[in-house]
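Any value given below was found using the heavy atoms of this structure, including those in side chains, with hydrogens, waters and symmetry copies removed. Every number for a ligand or one of its atoms is a count from 1 in the order of the listing.
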Amino acid sequence: MYLLAFETSCDDTSIAIFCDGKLIAMKTRSQIREHNETKWVVPEVAARLHANNIFGVLEEVLWEAKISLREIDVIACTQSPGLMPSLLVGMSVAKTLAKTLSKPYLAIDHIEAHMFANYIGRETSDIPFPSVCLTVSGGHNELYLWKSMFEREKIGETLDDSAGEAFDKVAKMMGLEYPGGPIIGKLAGEYAGEFRGIFPKVLLDKNSHDFSFSGLKSAVKREVDKRMMNSPSLNENDIREIAFEFEQTVVNILSHKLFHAAEMHNISSLVLAGWVSANDRLRETIEQLAKEKKYHFLAPISKIYSQDNAAMVGILAHHRYMKSS
Ligand code: KG4
Ligand code: ZN
């Protein structure tokens with residue numbers, strides 16, 4: 001059975017093909033270069049780029065899988081959440097194909113797909129339930145109690161910005177490129193000093209599973225402005241130090257919330273999802289703590305599956321389709 005999966009929720013045009021539950025081809029066209037000008041994704045610009053790219057990506061992925069459209073049995077596409085103009089491009093193409101080829105169509109939830117990215121390259125038994133899953137990216141930042149494959153309960157979310165958004169905005173404040181996460185991670189790794197905790201670790205209520213990053217973002221802005229008072233730009237050491245202090249504070253908040261939720265609910269595993277989960281410091285910190293506290297820890301097997309990609313849409317669609325047929 002061939003399954004064709006589309007993901008266009010933000011700024012990646014990604015299409016994947018699965019054969020009997022195995023990923024056999026994926027092509028992704030990123031729009032990072034185009035969005036670097038504004039340092040932010042303008043929805044209408046993203047949608048226009050998806051529309052320009054989607055048929056080229058489709059041709060490439062079919063060529064890589066060495067199959068034709070007529071051989072596809074099931075079609076799936078991300079439906080929400082995401083940037084509406086971007087989502088509509090993928091959905092229109094996917095639904096039109098499903099209609100003209102008379103094939104079943106599956107609408108996929110983007111966050112659930114990020115969680116299912118953890119099944120790529122693994123057996124279904126590799127995620128022991130119940131689990132706590134931290135889904136953290138540019139557009140979302142939640143904690144889920146993942147009770148069984150298709151049963152999840154949202155137990156926490158951000159009250160303002162997501163961690164990824166905070167990375168992007170802090171990068172913009174310091175004149176760095178978009179997306180902010182990877183470049184801040186790199187610069188933070190180059191800082192040689194000790195962590196001083198110059199930014200607030202906002203945890204909200206003691207037992208709350210919610211997040212807030214707007215206070216942290218404002219504190220970084222004040223620090224950047226203070227350091228720029230007597231010079232037109234930040235020097236390299238200032239940029240590295242702010243990147244390091246900011247990143248470590250985000251990592252401290254995210255890991256505190258994840259382990260607090262794990263302790264409050266009697267869980268068997270900890271799972272990371274979303275592109276911020278590709279952050280090395282976050283992964284290493286959680287992996288180390290999980291080892292000490294004896295939790296089974298999982299993150300996508302490759303960073304490709306942490307960021308927006310159609311393979312996560314396809315793997316979720318595959319499991320949903322198998323369950324319903
Ligand atoms: O999952 P994703 O591709 O899109 C959404 O669904 O929103 O996440 C994009 C976000 C961006 O905000 C980007 O700065 C962040 O993930 N990001 C990172 C890293 N790589 C990407 N944040 C921290 N560290 C990273 N290494
Ligand atoms: Zn995403």
query = Is a salt bridge present between D168 and K172, judged by a nitrogen-to-oxygen distance below 4.0 Å?
reply =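 So D168 does not pair with K172 through a salt bridge.
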For a side-chain hydrogen bond (donor to acceptor under 3.5 Å, both in side chains) with H114, tell me which candidate from T135, D308, N309, D109 qualifies.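 Among T135, D308, N309, D109, the one meeting side-chain hydrogen bond (donor to acceptor under 3.5 Å, both in side chains) with H114 is D308.
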Can you tell me the protein heavy atom closest to [atom] and the distance?
{"atom": "atom 4 (O) of ligand 1", "result": "D308 OD2, 3.2 Å"}
{"atom": "atom 26 (N) of ligand 1", "result": "N279 CA, 3.6 Å"}
{"atom": "atom 10 (C) of ligand 1", "result": "G138 N, 3.3 Å"}
{"atom": "atom 16 (O) of ligand 1", "result": "W275 CB, 3.5 Å"}
{"atom": "atom 15 (C) of ligand 1", "result": "V276 CG2, 3.8 Å"}

Please determine if [X] has a nitrogen or oxygen closer than 3.5 Å to a nitrogen or oxygen of ligand 1.
{"X": "G274", "result": "no"}
{"X": "D168", "result": "yes"}
{"X": "G164", "result": "yes"}

**Q.** H110 backbone or side-chain N/O/S under 2.8 Å from the Zn ion (ligand 2)
**A.**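 Yes, within the cut-off.
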Test item: side-chain donor near acceptor, [X] and [Y], under 3.5 Å:
{"X": "D11", "Y": "Y178", "result": "yes"}
{"X": "D160", "Y": "S212", "result": "yes"}
{"X": "H140", "Y": "E157", "result": "no"}

(Q) Can you check which of G139, S137, S306, G181 brings a heavy atom nearest to atom 19 (C) of ligand 1? (A)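 Going through G139, S137, S306, G181 one by one, G181 has the nearest heavy atom to atom 19 (C) of ligand 1.
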**Study point:** From CA spacing to verdict: side-chain hydrogen bond (donor to acceptor under 3.5 Å, both in side chains), Q307, D12
**Key:** CA-CA 9 Å; Q307 68 191 87; D12 291 296; 4.6 Å; no
Could you give all pairs that pass the ring pair (Phe, Tyr, Trp, His ring centres under 6.0 Å) test and reach residues 179-207, with sequence neighbours left out?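 Pairs touching residues 179-207 that pass the test: Y191-F244.
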Just heavy atoms, cut-off under 4.0 Å: does H140 contact ligand 1 by side chain, backbone, both, or neither?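 Near ligand 1, H140 shows its side chain, while the N, CA, C and O stay back.
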Heavy-atom distances under 4.0 Å are what count here, so tell me which part of F167 touches ligand 1: side chain, backbone, both or neither.
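The answer is the side chain of F167.
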Per-atom contacts of ligand 1 with [X], taking only distances under 4.0 Å to non-hydrogen atoms:
{"X": "H110", "result": "6 (O)"}
{"X": "P179", "result": "13 (C), 14 (O)"}
{"X": "G180", "result": "14 (O)"}
{"X": "H114", "result": "1 (O), 6 (O)"}

Answer yes or no for P182: is there a heavy-atom contact with ligand 1 below 4.0 Å?
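Yes.
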Can I get a per-line list of side-chain donor-acceptor pairs under 3.5 Å for residues 263-276, giving both atom names and the distance, sequence neighbours left out?
unit_1: H265; atom_1: ND1; unit_2: A261; atom_2: O; d: 3.0
unit_1: S269; atom_1: OG; unit_2: P128; atom_2: O; d: 2.6
unit_1: S269; atom_1: OG; unit_2: S131; atom_2: OG; d: 3.2

**Prompt:** Above 12 or not: heavy atoms from other molecules or residues under 6.0 Å from NZ of K99?
**Reply:**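 For K99, atom NZ is not crowded (no more than 12 foreign heavy atoms under 6.0 Å).
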Can the ring centroids of F213 and F167 be said to lie less than 6.0 angstrom from one another?
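No - the distance between ring centres of F213 and F167 does not fall below the 6.0 Å cut-off.
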Can you tell if the side chain of I315 reaches within under 4.5 Å of the side chain of Y305, non-hydrogen atoms only?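 Not in contact.
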**Message:** Tell me which N, O or S atom from D308 is the closest to the Zn ion (ligand 2).
**Reply:**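 Going by distance to the Zn ion (ligand 2), the closest N, O or S atom in D308 is OD1.
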